[in-house]
Amino acid sequence: MNKYTVYHGEYTLNHWIKLLLNKEIELPNYQRSFVWSEENTKSLIKSFQEEVFVPPVIIGAYQYEGVWHNYILDGQQRLTSILLCYLNIFPKKDNFPPISIPKLADDNDDAPEEEENTFLEWNINTLLKNKIGKLRPSEELKTILFPNGEETSYSILFKDARPNTAFFEHTFLGFSFITPNKLAESMRKEQTKYFAKLFRSINTSGRVLNNQESRRALYWLKEDLAAYFEPEWNKNLLISKGQVDMVRYLALLSERAKLNLHHETKPVAQGFGSKTGPKSMEAYLESYIYHIVNEENGRFLSLKEMGETTKIFSRLNTVNSLTEELNIPSPFPSIIDADYWLFGLIYYTLFKPENLKRIDKTALADKIKHEIEISKQDEKEKKRPSALKYINKRLNASLTIYQEAIESAYEK
């Protein structure tokens with residue numbers, strides 16, 4: 001018996017708008033902003049009018065705490081465009097400031113190949129804050145959506161040749177509706193993986209997702225974990241022009257902490273030395289996210305093994321404050337610098353908590369700078385710092401430096 005049933009069908013554009021207005025279909029929080037231009041939106045309408053095939057929308061049913069949610073896994077841009085067309089509006093760039101998703105720093109200190117992904121801070125949830133109820137004529141609907149004159153933040157989409165009422169009543173858009181065959185609560189972990197993989201599969205065929213977007217799809221059904229994988233202060237922790245990849249440090253140190261529990265000294269991330277594919281570092285980091293999200297017992301230290309959730313988040317925030325108290329440089333010139341400073345700091349704050357405020361900051365900095373200098377004199381490491389043997393070398397050296405600083409502080 002299949003674990004999921006997929007239903008196929010089609011609805012009129014009017015019906016899709018009703019579903020949006022009543023919030024019977026929802027946009028997952030990991031979905032990016034509305035990125036289509038006016039030209040894209042008008043092109044979609046033209047495709048409908050010329051009876052050109054438009055890909056169906058994909059909806060996934062998910063039950064959480066007894067409540068069913070129908071998530072838009074694919075089709076945000078199309079459905080949003082249909083509603084904007086009905087209302088004959090389009091968000092003005094000047095009224096919705098752009099947001100950007102900065103690229104994570106490269107493990108090999110390579111410069112980013114492209115600029116940050118920048119989008120308007122707007123999606124359909126900006127427009128539909130509450131359930132509207134029945135479908136109304138567009139002008140009446142706008143008075144409900146914009147009670148305080150917010151319509152001025154939008155431009156007119158069609159100044160002439162606007163699609164009429166019959167267009168929305170008699171034009172159809174298809175769908176695929178995915179629902180689990182078993183009790184949803186018993187399938188939560190599997191659904192998280194299934195929908196995440198589905199979302200990423202769909203989107204990698206279009207604009208390539210960066211690592212943050214791709215990973216967010218893995219933990220979107222556990223919103224509280226966003227602050228663990230992407231703490232707010234991480235935005236200001238930089239390596240050259242890229243953002244420090246916090247998940248990388250969490251994963252590597254979580255595995256080291258688990259190995260230490262069993263008094264094992266083998267290297268971390270063994271078997272994940274490929275640049276791409278199932279044995280790449282990115283695949284390793286994804287396996288860590290799955291481990292935390294699904295509360296699995298395996299290669300990594302689970303959150304349960306780390307202690308109370310509130311204390312974990314408190315310790316994570318302490319990492320941020322200690323970067324200032326210990327005079328840790330930012331931005332780091334390279335991944336080599338970052339690793340020597342951060343591996344020990346994060347490990348002895350988050351995974352094996354120690355009072356780092358007592359250590360000799362000057363002596364710590366001198367030892368770290370000395371190790372950084374040695375590593376950068378090694379042309380092979382300098383050329384390819386992402387090699388696992390060098391990552392493990394820096395990790396172990398950093399932990400040793402911090403451990404010695406902690407022991408020295410206790411002796412005083």
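Everything numeric here is computed off the predicted structure, so don't read it as measured data. For reference, positions follow the sequence shown, starting with 1.
- F300 and S254 get closest at one heavy-atom pair: CB-OG, 3.4 Å.
- If you check the side chains of E305 and S302, you find a donor sitting under 3.5 Å from an acceptor.
- Proximity of D339 to I372: side-chain heavy atoms (C-beta onward) are nowhere separated by under 4.5 Å.
- The distance from the CD1 atom of I336 to the CD1 atom of I391 is 11.0 Å, given to the nearest 0.5 Å.
- Once rounded to the nearest 0.5 Å, the distance linking CG of L326 with OG1 of T362 reads 10.5 Å.
- Here the shortest heavy-atom pairing between P180 and W68 reads CG-CH2, 4.1 Å.
- The heavy-atom pair separating Q76 from L27 by the smallest distance is CG-CD1, 3.5 Å.
- More than 12 heavy atoms of other shown residues, nucleotides or ligands fall within 6.0 angstrom of atom NZ in K92.
- Side-chain contact between L356 and L364 is absent, with no heavy atoms from C-beta onward closer than 4.5 Å.
- With a 6.0 Å radius and a threshold of 12 heavy atoms from other residues, nucleotides or ligands, E140 has its CD atom above the threshold.
- Ring orientation note: the planes of Y288 and H291 are close to parallel, at an angle under 30° on the 30°/60° scale.
- The local environment of CD1 in I374 is crowded, with over 12 non-hydrogen atoms from other residues, nucleotides or ligands closer than 6.0 Å.
- With no hydrogens or angles considered, no side-chain donor-acceptor pair links S47 and R78 at under 3.5 Å.
- In this structure, Y340 and Y402 have side chains that are not in contact, with every pair of non-hydrogen atoms separated by 4.5 Å or more.
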task: Test Y249 against N234 for side-chain hydrogen bond (donor to acceptor under 3.5 Å, both in side chains), laying out the working first.
output: CA-CA 12 Å; Y249 288 95; N234 187 199; over 6 Å; no
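- Between the side chains of S43 and N40, no donor N or O sits under 3.5 Å from an acceptor N or O.
- For E230 and Y219, the side-chain atoms include at least one donor-acceptor pair closer than 3.5 Å.
- Looking at T126 and F96, their side chains come closer than 4.5 Å, going by heavy atoms from C-beta outward.
- The environment of CZ in F172 is crowded: more than 12 heavy-atom neighbours from other residues, nucleotides or ligands sit within 6.0 Å.
- Annotation: cation-pi geometry satisfied between K42 and F158 (NZ/CZ under 6.0 angstrom from ring centroid, within 45° of ring axis).
- Between Y11 and W16, the angle of the ring planes goes over 60°, which puts this pair in the perpendicular group of the 30/60° scheme.
- Formation of a donor-acceptor pair under 3.5 Å by the S81 side chain with backbone atoms of T41 is not found in this model.
- Applying side chain to side chain donor-acceptor pair (under 3.5 Å) to Y284 and the options R299, Q270, E255, K279 leaves one that passes, E255.
- Heavy atoms only, all atoms of each residue included: L322 and K357 are closest at CD2-CG, 3.9 Å.
- Closest approach of L83 and I17 over heavy atoms only: CD1-CG2, 3.8 Å.
- Salt-bridge annotation for E282 and R215: present, with a side-chain N of the basic residue lying under 4.0 Å from a carboxylate O of the acidic one.
- Side chain of K352 to main chain of A257: no donor-acceptor pair is present (N/O by atom type, distance under 3.5 Å, no hydrogens or angles).
- Of the residues L316, L301, L345, the one that meets the side-chain contact (heavy atoms from CB on, under 4.5 Å) test with L350 is L316.
- In this structure the side chain of M246 never reaches within 4.5 angstrom of the side chain of F229, judged on heavy atoms.
- Among all heavy-atom pairs drawn from T152 and N95, the shortest one is O-OD1, 4.3 Å.
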